Each structure stands twice: as structure tokens, then as C-alpha cells.
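Heads up: the structure comes next, in C-alpha cells.
Everything quoted here is computed from the prediction, not taken from an experiment. Residue numbers begin at 1 in each chain, while the letters A, B, ... track the order of the sequences.
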Amino acid sequence: MPAITLPDGSVRAFDGAVTGTEIAAAIGPGLARAALAMEVDGAEWDITREISEDASVKFITRKDDAALELIRHDTAHVLAEAVQALYPGTQVTIGPAIENGFYYDFGRNEPFTPDDLPAIEAKMREIIAANIPYHREVWERADAIALFEARGERFKAELIRDLPGTETITIYRQGDWFDLCRGPHMRTTGDIGGAFKLTKTAGAYWRGDHRNPMLSRIYGTAWRDQKELDAYLHQIEEAERRDHRRIGKEMDLFHIQEEAVGSVFWHPKGWKLYRTVEAYLRRRLEAAGYEEVKTPQLVDRKLWEQSGHWEKFRKSMFIAEVVDEESTLALKPMNCPCHVQIFKQGLRSYRQLPLRMAEFGSCHRFEPSGALHGIMRVRAFTQDDAHIFCTEAQITPETVKFVALLSAVYKDFGFESFAVKFSDRPDVRAGSDEVWDRAEGALKEACEIAGVSYTLNPGEGAFYGPKLEFVLRDAIGRDWQCGTLQVDFVMPERLDAEYVTSESSRARPVMLHRAIFGSFERFLGILIEQYAGRFPLWLAPVQVAVATIVSDADDYALEVAGLLQAAGLNVVTDLSNQKINAKIREHSITHVPNILVVGRKEAEDRSVALRRLGGAAQEVLPLEQAIALLRTEALAPDLR
RNA sequence: GCCGACAUAGCUCAGCGGUAGAGCAACUGAUUCGUAAUCAGUAGGUCCGCGGUUCAAAUCCGCGUGUCGGCACCA
């Protein structure tokens, strides 16, 4: 006699075990048609499953966000069936729903290519049109393994073998085809609808491990209706338009070429942007009590051996050797050992702590070729690095200060929100558990005080200490770690850094490794995408274009440009023999924020016609007033 | 590094066995014009590199390099 509690609080009693389908029908024919699946006491179930005991039930219909995940998961199953129908002998593995869609990994000698997708998609539409019901079956582990092994599905058999003993093993059938799956699924393949699209093929390692065979992955996107799908596809197109690699070319900011893979050639406008950002951060750091240093590029391997980097990262270090010299030098992959060398000059006192040592440090790492991505992931980069030498008691207050600084900086660049990840102790680590307890505790406490919420990355900390990662998202939805703060008890020990305590004894400082941008290259890439090249005035590499209407205004235009330049603005003049429409268009396309139009009239009254990027209106201002206005507007946020 | 795709003028791309093309940009000339494209002309290419197949290769095949999409990696 199960009593079913519904979301509105009402309770319905049934005579015996009852399926979701029956409950929905009892409530009304509309719900019976719309209900795709249900939540039973918070867990998602197939609607066809029987409920034999009292429970709260909530039905999932197409309107619910939960339906999206069901649709995507079901679509992945249909993809697998279609692939096995078209390419017999292909092995199935896993096919989860992901953000915006789904994928399925197949075991196959010949990988799929984009050319295969139309045929697969057509087959999928057939399966969906056939409106085949899903059936859930519970299996014994050994039987399930035997079932898949008999069909040559060794990946599935391995998955079942590795499932925890407590797990109920379920198989879902759709017609003759079936797959190992935890479920739940919707009622029929027809519930998927038609709003899906296979998007790309890719290679992916079995179980995400590079020592395993590579599988052939097919990605797709799936939505509740065509409108949602179209909106998503449109959004992807828009995002591609703001890709930093495209805008970098269009705005003539930088390029990369074969002879210096993974290194950036900054062009004048890009370098202007870089220097503006650098100057801003330098002011922020000085105001926050940091001292800037500069340390060597080439450092003897002995120092890297001592720090432990040689052993761990030797393969991704660039080595420099000189004929007839014994020593081996390495291009520094990071700055910390160098900063410790500065710290160690002379005897340090506890009174000097916390000591905040900053460097815009040029570093080189031989990143794997497949990791390179525009200017976001390069082999030669500049970290906005700093190390805070402090006592253990200072970890929390210093972290709070850092989070405040980082938040303020991100905000000045238009990032109101960012994700924070907390990575705690890895399996292989240095230091005792007590030390780790204290370090993790200190970071967590700092997060609470600073009011930042984080997601936990268990076991992802560095071997020397826990860390916070600050993640920004690029235009195409990819996440990039920019900021970081890492607690380090190991480096001071290895490199023998110490200070004199108030009791006149010697103690090891704690080092906090921290960065806000991570690397200038990455941050600038994200910045370009954030603004799609339409930078706020203070960042724009060209802030004003002075464009003439007639050549009689040339002399005046040059004078205007000269005065703007003297006021500290980045100016170009356009005296070319073109119509004003063409000039406006040209400078608008390159995202120049302000165009000052001057013709005979302006030259006579010593005024300018100010046109803002994207605006239709113009404003005629006296020259002096326009200069004062633009100069104020162009101030960096920290100088306002 | 692994899987796949791609590499043609400064840029975006077409051509896919038979003497290398377009638009934009550039350059020259004319035009002096009031807020997103004035007109005409000119010039521009080891078709990524090296090999091979062929009477003939940008086009087909192999190797290399790079880029792109993923995976793995990211001190």
C-alpha cells in the first residue's frame, strides 16, 4: 500500500506496487503524456519502474532542466546503437552527458573521421523515429560479464568487473540493442526529439590514461527543441568570432611562427596593450607592499637539482650549453629558486616578514606540442610571479590580502566572477600530516574570511603544499587557470632559507607562491576574448583616431593629434584621400574607441566632432574640452 | 606525446591530375567628399618542406614541420 507524496504535498495511496506511468496517469492525462522520468526520494528513476513503498515522487518533463541531461544521455545511447549498426565490430565503452551535449567513446582500429558523421546522424534519426521503448534489466555480475565478453566487448566487461560490489548491475535495452548503464532513461528513443547534432570526432584514452589504448570519440550536442539547438550553434559561432587568435591578427597585435613555436612575436599595438597591463599591475603590487626584483634567465643545473625541479621536470626544461664549458645551464622554468637566493642574501629577521618579492619573470617550459594553444599556452611566457616569505601564522592573513588584491584586479579588467578550486594533499607528498593539516586549515580559513566559495580538487595539490586556483573562462567556454596561491614548506627547506626569530633562534619561513594573471600571455589572450577586441579606453592600443574630411584640415588634424599625444593618449591620424564614411568604417573595424572628425568647420572654430565606437551620434566639442575629457576617461581604474 | 583534420597572394577562401583564381588589404592615378566601403588601374604566389607515382602534380602517395579540434600533460 505505497503512499506517494507529490511535490505539492498531496499524498496518493495505491493498492500495490505502482509504476511512475500509472501514478502520472492517475494524476491526469496531460502529465501522463509529458512525464519522461521521475525523481523518487531525490533519485532519478525510469518512469516505468515500480514503486512498492512509501515515497515522494516528482515527475520530470521536458520543461525541467533535468530533462536536458536525460535527452543527452539517451542520445549517446542512440549514437552507440547507430555506430554498431553501421560499423559492426566496433566496441562500446562509455558515453556520458556533458555540458551542452554528450560524447561516446568507441573501441575501433580505424578511428572515425568527420566524414562519417552524416551517415551516423541519419541512422540515429531513424532509431529515434522508430520510437523504441527502453527496458531496464537487473543482471548478476558474472552473467553480465559473460554477456559482453561473448560479444567481444572487452571494455564493457572490464567496466563491470571494476564496479564496486554494492552496485546493482543494470542493462538497458532499446529494441535488440543494449548497453550497460546505470540509467535512468526516458520512455522511448522518440522522447529525444530531433534537436541534436554530431559535432566532432576526437581521440581519447581509455579511462583517461595515456598508457591505455586510444579510443575514437564522437561528440554531439543535444537540446530540448530546435530553438535551443539553434541558439547554441549561434552562440558557438559568436564565440569563434572573438577568438584571441583571430582578433590578434585582425587588430595586428601579435603573431607566432614556425621558427619560434610557442613564443609570441608582439607587434607594436599588442606590445602597447601588454605594457599598459604590466604598468597597471606594477602599480597595484607596489601599493600592496610588494618589492619587485629581476632574476637571471640562465641558471646552473645545480640550483635546479637542489630545488628538486631537475629530477621532476628535467624533460620539459630548455638546456643551454656552451662549447668548452663544463657547466650545464637551464632556462628557468620558474622563479622561486632565484627568489630564495635573494632572500638568502644576508641574515633575515622575523621583523622583515612577510616579505613579498615580485617579478615579471620570463620563463620557458617545453610544453607538449599538443598543449600549445594560441598565446594561452606557450613555451616562453612571463609570469606575474611573487613569493611571500612569511611565518605559518601569516598564511591566513596574507592569503586574505592576496584574494582581495586578485579580486580587485580581475574586477578592473571586467571579470566580476571567477571560479576557485581548492587542491588538497596528493598521495605522494612531502611533509608530515600535521603540517598539511595546518596548511590546509590556514587556506580554508582564509577563504572563509575572504568570503570566497570554492570547489574541492581532492589530491590535486602540489607535492609541497595545498593550493588555491583561480579560473577564468574563455570565449569558447574553456576554463583557464590564471591566478594561483600555493603554500610551500619544502622549497625553503631544500634551498636552506631561514630567518632569525624574536627569540634569536633560526626558523624556516613558509613560502607562498602566488600569481594573479598566471602568465601575461594567457591573461592577455583571455582579455582579448573578454572584450572581443573592443577594449575599454585605458587598455585600447589605439585610443583615438583623428580623421579629416578635407585636406584643408590636415594641419589642424596634426595639431590635434600632437596635443592628444602630449596628453598621454595613443593616437593615429588619418589624412588619407578617402571619404569620411570609409575612414569611419576602417577605424570602427579595428575597434578604435574614439574617432575625432575634423573638417573645415572644426578647423575654423578649433573644435572636434567626437564619435564613439559603435555609436551613431557625434558630439562637437571645443578642442581643449575634448582633450581633457579623453584624458580623464583614459585613466587606468587604479588612477581614477 | 597520442588520435583526427587542415596547410594556395598580407587576410578570408575557391580550384582537387592538363599553363595558378576571387574578394578585401597594398600600390598608382583621378576624386576634396560631413559620420561604417568613391572610381579606374597596377602589382603581388618555390600552391608548407622533402621525396615518390605520372607524359603531366597545388591536386594522388609517403615522410617531415606547423596549425586546428580533442585526449593526456600543466612545477
Legend entry - Any donor-acceptor N/O pair under 3.5 Å between B/G4 base and A/Glu110 side chain: no
Inset, instruction - For A/Ala609, answer base if it contacts any base atom (sugar-phosphate contacts may also be present), sugar-phosphate if it contacts only those atoms, and nothing otherwise; contact means non-hydrogen atoms under 4.0 Å. - result: base
Legend entry - Interface residues of residues 232-248 of chain A with RNA chain B (non-hydrogen, below 4.0 angstrom): A/Arg245
Inset, instruction - Using side-chain hydrogen bond (donor to acceptor under 3.5 Å, both in side chains) as the criterion, list what pairs up with A/Thr221, not counting sequence neighbours. - result: A/Trp223
Legend entry - Touch class at under 4.0 angstrom, heavy-atom based, for A/Thr113 against every strand present: sugar-phosphate
Inset, instruction - Would you indicate what A/Gly374 reaches in the nucleic acid, counting non-hydrogen atoms under 4.0 angstrom: base, sugar-phosphate, or nothing? - result: sugar-phosphate
Inset, instruction - Determine: side-chain N/O of A/Arg478 to OP1/OP2 of B/G70, distance under 4.0 Å, yes or no. - result: yes
Inset, instruction - Could you check whether A/Tyr219 and the base of B/G70 form a stacked pair, meaning centres closer than 5.5 Å and planes differing by less than 30°? - result: no
Inset, instruction - Using a cut-off of strictly less than 4.0 Å, decide whether A/Arg211 has a side-chain nitrogen or oxygen near OP1 or OP2 of B/C2. - result: no
Inset, instruction - Using heavy atoms and a sub-4.0 Å distance, could you list which residues of residues 295-311 of chain A are near RNA chain B? By number, please. - result: A/His309
Inset, instruction - Determine: side-chain N/O of A/Ser216 to OP1/OP2 of B/C3, distance under 4.0 Å, yes or no. - result: no
Inset, instruction - Would you mind classifying the nucleic acid contact of A/Ala204 as base, sugar-phosphate or nothing, using non-hydrogen atoms under 4.0 angstrom? - result: sugar-phosphate
Legend entry - Among B/U32, B/A37, B/U65, the nucleotide that comes nearest once only the side chain of A/Glu258 is considered: B/U65
Legend entry - Value in whole Å for how far the P atom of B/U38 lies from NZ of A/Lys583: 11 Å
Inset, instruction - Measure from the side-chain heavy atoms of A/Met214 and tell me the nearest of B/A75, B/C2, B/G34. - result: B/C2
Legend entry - Nearest-Å distance for atom pair CG/C1', residues A/Leu198 and B/A5: 17 Å
Legend entry - hbond_proxy A/Arg377 side chain to B/C73 base (donor-acceptor, 3.5 Å cutoff): yes
Inset, instruction - Could you tell me whether A/Thr548 contacts a base, only the sugar-phosphate backbone, or nothing, with contacts defined as non-hydrogen atoms closer than 4.0 Å? - result: nothing
Legend entry - Presence of A/Lys249 side-chain N/O under 4.0 Å of B/U12 phosphate oxygens OP1/OP2: yes
Inset, instruction - State whether A/His373 places a side-chain N or O below 4.0 Å from either non-bridging phosphate oxygen (OP1 or OP2) of B/G69. - result: yes
Inset, instruction - Would you indicate which nucleotide in B/C73, B/A75, B/A36 comes nearest to any side-chain atom of A/Arg585? - result: B/A36
Legend entry - Pair of N/O donor and acceptor under 3.5 Å linking B/G1 base with A/Tyr205 side chain: yes
Legend entry - Per A/Pro114 side chain, nearest of listed nucleotides B/G4, B/G34, B/G1: B/G4
Legend entry - Phosphate OP1/OP2 of B/A37 contacted by A/Asn581 side-chain N/O (<4.0 Å): yes
